[in-house]
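All of these numbers come straight from a predicted model, not from anything done at the bench. Chain A is the first sequence line, chain B the second, and so forth, proteins listed ahead of strands; every chain is numbered from 1.
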Number of protein chains: 2
Amino acid sequence: MVARVQPSVAPQSRLAAPGAGKVGEVSALDEVGSLQHETLGERVTGELRALLIAGRLAPGEKLSLRRVAEALGVSMMPVREAVSRLAADKALEVLPGRAVRVPVLTLAQFRELTRIRLVVEGFAAEEATKVITEAQIAVVARHEAAFLAAAKDPPDPAAAVGANRDLHFALYEAAGMPSLIEMISRLWLKAGPILNLDMRHEPKRLDGGSAVVAHAQLLAALRRRDPAAARQALVEDISAAAEHIERTARLAE
Amino acid sequence: MVARVQPSVAPQSRLAAPGAGKVGEVSALDEVGSLQHETLGERVTGELRALLIAGRLAPGEKLSLRRVAEALGVSMMPVREAVSRLAADKALEVLPGRAVRVPVLTLAQFRELTRIRLVVEGFAAEEATKVITEAQIAVVARHEAAFLAAAKDPPDPAAAVGANRDLHFALYEAAGMPSLIEMISRLWLKAGPILNLDMRHEPKRLDGGSAVVAHAQLLAALRRRDPAAARQALVEDISAAAEHIERTARLAE
DNA sequence: TGTCGTGATCTGTGATCACAGTTAGGTTGG
DNA sequence: CCAACCTAACTGTGATCACAGATCACGACA
């Protein structure tokens, strides 16, 4: 049907971009990173992503483009773009003729997601342990402390969820693999609603739970520079949380 | 900033959907799968995805929403949605004030992508080998034969690219993990432009290349039900292709 | 009292218009 | 003849309007 999308422009004919700046001239203006003013659609996307990962949007909850637009004080257009992106990641789903909602995972889907997380995040932990710096370990430790504080009595579920997220991603980012981070983000986007909604509703799980010991083992492995042990600690962290979800959470079918 | 997106509807208050169909009654109407008519935006997305994976859109090639819309005979709106989705997957990128183009990978990005592919697709191959059926093996073998035929003299690059894709995904789908397939598709979407554009331009690599022996080893491992060997064969297939790309292809920076 | 039909309302999808920013090409001045 | 400016076309983004389809609630009929 579509023979050529862009017949007129040959990409090879344009090897080097002309560039708007003058060549050979270095000034202080080159320092500023041309703060590309974030487009409105991207901002909405980020807002919804944060809400999903934090578990503040429950599985099955229905969203309305117009309502979201009104709540965020923007037009319907950026919301459409954001929902399109998130739906492409299956972080949201659009029912045929109905509305857009947060997907409700079946038990099989949740188990598959967990298996993938074990592989991908385990790999990330292993690679991160090989190249992590002292300063980065300190950052992880700081988030671990924050998580511990939030899990203590009285527990602060929202803070715990955020600290847990920061801890994990601080580790993953140490691997220095941006595409991997992006991939893991997508996994969290899909698992976030169940995982963190649960953690939010059952703060008792936090204190004395398996997460604290897994995090401690993870940090110890990092300090020992033991990739296999770090992976093992992460696997236990993910597995324990998944088992708890399977026991308690409401999964479809 | 945004406290609650949808304040009026409590998701818990709507535990079970009412359902339009009558319960307890089984008729012929339950057979028809509620044919949801594919939306226009989805069709455009699929069209662009196919073009990207097949390597028919070269890295650095610029796209214009209006041109694409005109070429596909649709309005600009569905194209915007498709580009939004693909840009979210980083299969396309939108320059700040310029145009949208297919990304040009740096050497570091390509290497990272390859490492991730080794982990994820290797895992998929391993899992698939554990549960693959005879019929599914036959399907893989058929695509292998098609690939062999397309690689022979005279080589048919387009057919070879398609057969190679079908072969790999026939294997991965045998694992029965939909989210994993989706994840691998995204990886191919990003690597496709370089990998298959190269294969298209250098058909000599096909005949007598490492791909045919890797595929043969893969099939042998499948028939032996040897997950580790299947993974190894796939790793060699991916690695060999990646090495060739690194030697010949034009990578940024 | 239970069930079905029906209309108002809300849903996402698509099209069209408006706009600021950039690019490319042509023209003018040196 | 070369370079710099300047204009015109084109870019993605956002907003608004239009429309088919689905949902839901109310009311009428059995």
**Student:** Given atom CG of A:Leu92 and atom C1' of C:dG12, what is their separation to the nearest angstrom?
**Tutor:**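 The answer, rounded to whole Å, is 14 Å.
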**Student:** What is the separation between atom CG on B:Leu40 and atom P on D:dC19, rounded to the nearest whole Å?
**Tutor:**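 Atom CG in B:Leu40 sits about 17 Å away from atom P in D:dC19.
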**Student:** Nearest of D:dA15, C:dG14, D:dG12 to any side-chain atom of B:Pro78?
**Tutor:**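 Ranking D:dA15, C:dG14, D:dG12 by closest atom to the B:Pro78 side chain puts C:dG14 first.
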**Student:** Name the closest nucleotide to the A:Leu65 side chain, picking from D:dG12, C:dG12, C:dG14.
**Tutor:**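 My answer, after comparing the listed nucleotides, is C:dG12.
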**Student:** Should the pair A:Arg49 and A:Trp188 be classed as cation-pi, given the thresholds of under 6.0 Å to the six-membered ring centre and 45° from the axis?
**Tutor:**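 Not satisfied by the 6.0 Å and 45° rule.
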**Student:** Counting only side-chain heavy atoms from C-beta out, which of D:dT13, C:dT11, C:dG14 sits nearest to B:Arg66?
**Tutor:**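 Closest nucleotide to the B:Arg66 side chain: D:dT13.
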**Student:** Heavy-atom count around B:Glu70 CD within 6.0 Å, excluding the residue itself: above 12?
**Tutor:**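 It does not: B:Glu70 CD has 12 such atoms or fewer within range.
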**Student:** Of the listed nucleotides (C:dG14, C:dG12, C:dT11), which one gets closest to any side-chain atom of B:Met77?
**Tutor:**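 That would be C:dG14.
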**Student:** Output yes when at least one side-chain N/O atom of B:Arg80 is less than 4.0 Å from OP1 or OP2 of C:dT13, else no.
**Tutor:**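 So the side-chain polar atoms of B:Arg80 never come under 4.0 Å of the phosphate oxygens OP1 or OP2 of C:dT13.
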**Student:** Taking atom P of C:dT13 as reference, at what distance in whole Å does atom CD of A:Glu81 sit?
**Tutor:**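 The answer, rounded to whole Å, is 14 Å.
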**Student:** What are the two closest heavy atoms between A:Lys190 and B:Ser179, and how far apart are they?
**Tutor:**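 Closest approach of A:Lys190 to B:Ser179: NZ-OG, 3.4 Å.
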**Student:** What is the distance, rounded to the nearest whole Å, between atom CD of B:Glu93 and atom C1' of D:dT11?
**Tutor:**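 Distance check: B:Glu93 CD to D:dT11 C1' gives 16 Å.
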**Student:** Could you tell me whether B:Leu95 contacts a base, only the sugar-phosphate backbone, or nothing, with contacts defined as non-hydrogen atoms closer than 4.0 Å?
**Tutor:**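 No contact at all - B:Leu95 keeps every heavy atom at 4.0 Å or more from the nucleic acid.
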**Student:** Whole angstrom is fine here: how far is it from CE in A:Met76 over to C1' in D:dC19?
**Tutor:**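 Checked: the CE to C1' distance equals 12 Å.
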**Student:** From CZ of B:Arg101 over to C1' of C:dT23, roughly how many Å is that when rounded to an integer?
**Tutor:**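 Value for this atom pair: 15 Å.
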**Student:** Looking at the side chain of B:Ala99, which of D:dA15, D:dA18, D:dT11 is the nearest nucleotide?
**Tutor:**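 That would be D:dT11.
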**Student:** If the cut-off is 4.0 Å, is B:Thr39 near the phosphate of C:dG12, judged by side-chain N/O to OP1 or OP2?
**Tutor:**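 No.
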**Student:** How long is the line joining CG of B:Leu63 and C1' of D:dG12, in whole Å?
**Tutor:**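 Interatomic distance, CG of B:Leu63 to C1' of D:dG12: 13 Å.
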**Student:** Give A:Val83 one of three labels, base, sugar-phosphate or nothing, depending on what nucleic acid heavy atoms sit under 4.0 Å from its own.
**Tutor:**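 Result for A:Val83 = nothing.
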**Student:** Among C:dA24, C:dG14, D:dT11, which nucleotide sits nearest the side chain of B:Lys62?
**Tutor:**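 My answer, after comparing the listed nucleotides, is C:dA24.
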**Student:** Does any donor atom in the side chain of A:His168 or A:Asp237 lie under 3.5 Å from an acceptor atom in the other side chain?
**Tutor:**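 Looking only at side-chain atoms, A:Asp237 and A:His168 do form a donor-acceptor pair, the distance falling under 3.5 Å.
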**Student:** Which whole-number value in Å describes the distance from A:Glu70 CD to C:dC10 P?
**Tutor:**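 Checked: the CD to P distance equals 11 Å.
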**Student:** For A:Leu113, run the side-chain contact (heavy atoms from CB on, under 4.5 Å) check against A:Ile194, A:Leu118, A:Leu195, A:Leu105 and tell me which one passes.
**Tutor:**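 Among A:Ile194, A:Leu118, A:Leu195, A:Leu105, the one meeting side-chain contact (heavy atoms from CB on, under 4.5 Å) with A:Leu113 is A:Leu105.
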**Student:** So does B:Ser64 get a side-chain nitrogen or oxygen closer than 4.0 Å to the phosphate oxygens (OP1/OP2) of D:dT11?
**Tutor:**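 Answer yes for this pair, as a side-chain N or O of B:Ser64 is under 4.0 Å from OP1 or OP2.
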